[in-house]
Amino acid sequence: MTEILATFAWFVILSVSAHAQSELEAPLCEAARAGRVVEMVYDKDVSKGCSPRLVDVHQVAIGNNGKLYMHGWQSRGCTKGRDYEARRTFRLDKIKTVILIKGSFGARSQSAKDDGWDGCLGSNCFIRETICK
């Protein structure tokens, strides 16, 4: 009986996680297709006292591990205790909120998007399939 309850609990956790990810997929894909900027709160940003991040969304993809990822250009927000512009990859299950805001890609961000992304961070290639860009 304990094994059945544990299996059921695990299924519910996976279902809730997948549902939360799919709620973010639509606005992030809209942003990627339209070249829009999002304001988002990520993972432990609030507990670190960070301002919401501003991210130009370049693509949404599925990783080799089956999780959803968003790749883009972060122009504001905490990253390892610093606030600087750079390409970033975010797991959708760690994104707390997303709001589409007015704004357009800066020249560095647009150049990074035009260059494309192969799904690798260094030698770790982990993107299986692009959903939208």
Side-chain angles (χ1 to χ4, degrees):
M1 182 68 169
T2 304
E3 288 180 35
I4 293 171
L5 289 174
T7 302
F8 178 72
W10 182 247
F11 176 75
V12 168
I13 289 168
L14 289 176
S15 297
V16 169
S17 176
H19 178 65
Q21 289 180 353
S22 65
E23 289 176 11
L24 296 174
E25 185 180 327
L28 290 173
C29 279
E30 178 184 338
R33 289 183 185 113
R36 299 275 309 272
V37 179
V38 298
E39 181 179 82
M40 71 174 210
V41 175
Y42 189 68
D43 198 24
K44 298 175 183 163
D45 285 351
V46 173
S47 66
K48 293 188 242 175
C50 300
S51 297
R53 298 171 190 237
L54 295 181
V55 180
D56 303 348
V57 180
H58 292 179
Q59 89 181 140
V60 177
I62 301 170
N64 293 330
N65 60 3
K67 295 186 183 296
L68 293 174
Y69 291 86
M70 183 260 293
H71 178 256
W73 186 267
Q74 179 177 307
S75 58
R76 181 186 79 193
C78 288
T79 302
K80 297 181 182 175
R82 298 176 296 180
D83 188 5
Y84 61 93
E85 291 190 45
R87 284 187 239 182
R88 298 271 176 253
T89 302
F90 304 94
R91 279 185 29 190
L92 266 63
D93 64 339
K94 290 189 174 196
I95 297 173
K96 304 301 182 192
T97 63
V98 168
I99 301 169
L100 287 149
I101 62 170
K102 290 184 180 183
S104 57
F105 289 10
R108 290 174 64 198
S109 174
Q110 189 61 55
S111 176
K113 183 171 183 173
D114 293 345
D115 287 346
W117 185 53
D118 61 2
C120 302
L121 295 175
S123 62
N124 179 15
C125 298
F126 63 96
I127 295 300
R128 179 177 67 211
E129 174 186 352
T130 297
I131 296 172
C132 60
K133 58 182 179 176

How long is the span from the NZ atom in K94 to the NZ atom in K67, to the nearest 0.5 Å?
9.0 Å
Out of curiosity, T89 OG1 to L121 CG, how far, rounded to the nearest 0.5 Å?
4.5 Å
Working to the nearest 0.5 angstrom, can you tell me the gap between K96 NZ and K44 NZ?
9.0 Å
What heavy-atom pair brings Q74 and C78 nearest, and what distance separates the two atoms?
NE2-O, 3.8 Å
Does any non-hydrogen side-chain atom of Y69 lie less than 4.5 Å from one of I127?
yes
Determine, using the 4.5 Å side-chain heavy-atom cutoff (strictly less than), whether V38 and F90 are members of one ILVMFWY cluster.
yes
Hey, quick one: are L100 and L24 part of the same hydrophobic cluster, counting side-chain heavy atoms closer than 4.5 Å, chains of contacts allowed?
yes
Look at the rings of W117 and H71 and say which category their plane angle falls in: under 30° parallel, 30 to 60° tilted, over 60° perpendicular.
parallel
Main-chain N/O of A32 paired to K113 side chain as donor or acceptor, under 3.5 Å:
yes
From I62 atom CD1 to E129 atom CD, the distance as rounded to the nearest 0.5 Å
4.5 Å
Is a donor on one side and an acceptor on the other found under 3.5 Å between the side chain of Y42 and the backbone of R91?
yes
Side chains of V55 and V98: closer than 4.5 Å at any heavy-atom pair?
no
Where do N64 and C125 come nearest, in terms of heavy atoms and distance?
ND2-O, 3.3 Å
Heavy-atom nearest pair, H58 first then A112, reads CE1-CB, 4.0 Å
side-chain hydrogen bond (donor to acceptor under 3.5 Å, both in side chains) involving E30 - partner list, sequence neighbours excluded
none
Are L28 and M40 connected in the hydrophobic side-chain network, where two residues link if heavy atoms are under 4.5 Å apart?
yes
Which value, rounded to the nearest 0.5 Å, describes the distance between D56 atom CG and R36 atom CZ?
11.5 Å
Got a second to check how far L68's CG is from I131's CD1, nearest 0.5 Å?
4.5 Å
Please check if the side chain of S109 supplies one atom and the backbone of G106 the other of a donor-acceptor pair under 3.5 Å.
no
State, yes or no, whether a side-chain contact exists between R76 and E39 at a heavy-atom distance under 4.5 Å.
yes
Minimum-distance pair of heavy atoms, taken over all atoms of S104 and V37
N-CG2, 3.9 Å
With clusters defined by side-chain heavy atoms of hydrophobic residues (ILVMFWY) lying less than 4.5 Å apart, directly or transitively, does L54 cluster with I99?
yes
Salt-bridge contact D45-R53 (side-chain N to carboxylate O under 4.0 Å)
yes
